[in-house]
Amino acid sequence: VKSYDAVIVGGGIIGGSIAFELAQHGLRVALLDRQQPGLEASWAAAGMLVPGPESPESAALVPLARESFALYPAYVAAVEEASGKTVEFRIGATLHVFGGVHAEQTPEAIPALLAQHGVPAKALTPEEARRLEPGLNPNAKSVLLLREEGRVDARSLTAAVLSAASQKGVEILAETSVEALVIEKKHCVGVTAHGEKMPAGRVVLAAGCYCETIAGAEGYAPTRPVRGQMIALRPAEGRIRHVLRGEHGYLVPREDGRVLAGSTSEDAGFEKRVTPGGLQQILRAAVELVPRLESAAVVETWSGLRPDTPDHLPILGPTDIDGLLVATGHYRNGILLAPVTAKLVGEWMREEEPSLDARAFNPLRFLQKKMQAGG
Ligand SMILES: Cc1cc2nc3c(=O)[nH]c(=O)nc-3n(C[C@H](O)[C@H](O)[C@H](O)COP(=O)(O)OP(=O)(O)OC[C@H]3O[C@@H](n4cnc5c(N)ncnc54)[C@H](O)[C@@H]3O)c2cc1C
């Protein structure tokens, strides 16, 4: 049986980016996926890169998100170079329509929150907003220009990351479902897959919303699937140039002229259905933002499962089981957070002091809560 320095469980953007990072540092790495890698949440994502807080509740994520956003250009360049593939990645402004298209004023708390986190935001008049984005609903009065955002084609990025990892020597084992962690005397020494033990120096749990289904991982990675449906549209006329976010949905342009419209947030278990109700909600929000999308062609619909956690923050870092690390629970921001996650896991693997304070994401926080609750 082959032995690896690290076995990574899950081949989405998170597992793939970690594998690529570790292989670049000379580790022998295996990446295991229960199906073909790269076809779950990371395939479904809209690819918005939003480093600022979207609500007061998401403020704890901002330092991590900003660091990841800063790492993005170098991360994409390294992935492109190693894989030989091109990834559609743009840094550019987003227009955020606050309080709905018909609101007269931006809710005061929003600019204050953005300012508090040093996010540059400029209030636009409806005329200024429509000069930038002529298709925008003329009734949209409360528009903020958020300059420091970006977008990436999550599907081609994930595929390129996996190919970059493979080029650097990562062994990618598809159709290899991890059934359990092998834990001996508080030490994780490998995993079992196909009923056989696969030894490893370290195991990184990166199976997205499926982490809790792996025996031995319970408690450390209590992830939960939150379904998001998406629609790709091709406008009959005119291009959309900016990411447009509103109260009820968002639009993300692609270089080929398509526009991705999203999304729903549904508690539907592991069921990846696309529903009339979901599509209706997304289309209503899309047409509210840009009325002429009413005549667009619907070119694709799909859904994916975001890995959510009890406090909606990621779960990152070593555990109290030697050799077991967790990197999951990236919920709405896993595409954005892939570079910083890979960097941190690399540091933990080398037993270096992490370059960023990640205590809020400690995998032991849920165990402690469980114990305090007496069970
Ligand atoms: C509709 C939608 C829109 C989104 N939009 C954005 C966005 O605009 N910006 C952003 O940053 N994020 C966005 N996200 C969130 C982002 O997609 C996720 O946070 C991210 O993809 C999580 O990556 P992951 O690698 O952890 O999980 P996944 O991509 O789900 O990968 C997990 C992998 O683990 C594998 N696996 C599961 N169980 C096992 C097992 N037992 N053994 C082996 N392998 C296993 C799966 O097959 C899968 O390949 C969006 C998500 C959705 C659904």
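Counting starts at 1 for both ligands and their atoms, in listed order. All values derive from a computational prediction rather than experimental measurement.
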Answer yes or no for Arg155 and Trp302: cation-pi contact, defined as NZ/CZ to six-membered ring centre under 6.0 Å and angle to ring axis within 45°.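 Yes; both conditions hold, so Arg155 lies above the ring face of Trp302.
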
Problem - Distance under 6.0 Å and angle within 45° of ring axis: Arg34 vs Tyr210 - result: yes

Could you tell me which non-hydrogen atom of [X] sits nearest to which non-hydrogen atom of [Y], and how far apart they are?
X      : Y      : answer
Ala41  : Leu305 : CB-O, 3.3 Å
Leu233 : Ala286 : CD1-CB, 4.5 Å
Gly208 : Thr328 : O-OG1, 3.1 Å

Report the nearest protein non-hydrogen atom to [atom]: residue, atom name, distance rounded to 0.1 Å.
atom                    : answer
atom 41 (N) of ligand 1 : Val178 O, 3.0 Å
atom 9 (N) of ligand 1  : Met48 O, 2.9 Å
atom 11 (O) of ligand 1 : Leu336 N, 2.9 Å
atom 50 (C) of ligand 1 : Ala45 CB, 3.6 Å
atom 27 (O) of ligand 1 : Gly208 CA, 3.7 Å
atom 39 (C) of ligand 1 : Arg34 CD, 3.6 Å
atom 10 (C) of ligand 1 : Arg332 O, 3.1 Å
atom 23 (O) of ligand 1 : Ser42 OG, 3.3 Å

State whether the shortest distance between N or O atoms of [X] and N or O atoms of ligand 1 falls below 3.5 angstrom.
X      : value
Gly228 : no
Glu40  : no
Ala41  : yes
Ile13  : yes
Gly334 : yes
Ala46  : yes
Gln36  : no
Ile14  : yes
Arg306 : no
Pro307 : no

Below 4.0 Å, non-hydrogen atoms only: which portion of [X] touches ligand 1? Side chain, backbone, both or neither.
X      : value
Trp302 : neither
Glu179 : neither
Tyr331 : backbone
Met230 : side chain
Leu32  : backbone
Ser263 : side chain
Thr328 : neither

May I ask you to check whether Ser355 and Glu347 show a side-chain donor-acceptor distance below 3.5 Å?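 There is such a pair between these side chains.
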
### Message
Can a side-chain donor-acceptor contact be found between Gln229 and Glu266 if the only test is distance below 3.5 angstrom?
### Response
yes

Would you call [X] and [Y] a salt bridge, taking side-chain N to carboxylate O under 4.0 Å as the test?
X      : Y      : result
Arg359 : Asp357 : yes
Arg245 : Glu288 : no
Arg332 : Glu54  : no

Could you tell me, atom by atom, which parts of ligand 1 come under 4.0 Å of a heavy atom of [X]?
X      : value
His330 : 19 (O)
Gly304 : 53 (C)
Tyr210 : 37 (C), 38 (N)
Gly47  : 7 (C), 8 (O)
Asp33  : 33 (C), 34 (O), 35 (C), 43 (C), 44 (N), 46 (C), 47 (O), 48 (C), 49 (O)
Gly12  : 25 (O), 29 (O), 31 (O), 33 (C)
Ser177 : 41 (N), 42 (N)
Ile214 : 41 (N)

Is there side-chain contact between [X] and [Y], with at least one heavy-atom pair below 4.5 Å?
X      : Y      : value
Gln35  : Glu40  : yes
Glu179 : Ile214 : no
Arg202 : Met349 : yes
Cys209 : Asp308 : no

Heavy-atom gap Tyr250 to ligand 1 smaller than 4.0 Å: yes

Under 4.0 Å, counting heavy atoms only: does Thr176 come that close to any atom of ligand 1?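 Checking ligand 1 against Thr176, which is what was asked, there is a heavy-atom contact under 4.0 Å.
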
From CA spacing to verdict: salt bridge (charged side-chain N to carboxylate O under 4.0 Å, His left out), Asp320, Lys186
CA-CA 8 Å; Asp320 57 357; Lys186 275 262 170 193; 3.5 Å; yes

Check your understanding: Going through the distances and angles, do Glu171 and Arg28 end up as a salt bridge (charged side-chain N to carboxylate O under 4.0 Å, His left out)?
Key -> CA-CA 8 Å; Glu171 208 161 318; Arg28 281 169 307 146; over 6 Å; no

Problem set entry | Identified side chain to side chain contact (heavy atoms under 4.5 Å, CB included) counterpart of Cys188 within the set Val7, Ile321, Thr319 |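 Among Val7, Ile321, Thr319, the one meeting side chain to side chain contact (heavy atoms under 4.5 Å, CB included) with Cys188 is Ile321.
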
Practice item. Begin with the C-alpha distance, continue with both residues' side-chain angles, and end with the deciding distance and a verdict on side-chain hydrogen bond (donor to acceptor under 3.5 Å, both in side chains) for Thr341 and His330. Key: CA-CA 10 Å; Thr341 300; His330 295 80; 2.9 Å; yes

Next on the checklist: Ring centroids only, cut at 6.0 angstrom: are Tyr72 and Phe69 within range, meaning strictly under it?
Outcome noted: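 No.
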
Worksheet item: In terms of hydrophobic clusters joined by side-chain contacts under 4.5 Å, are Val191 and Tyr220 together?
Response: yes

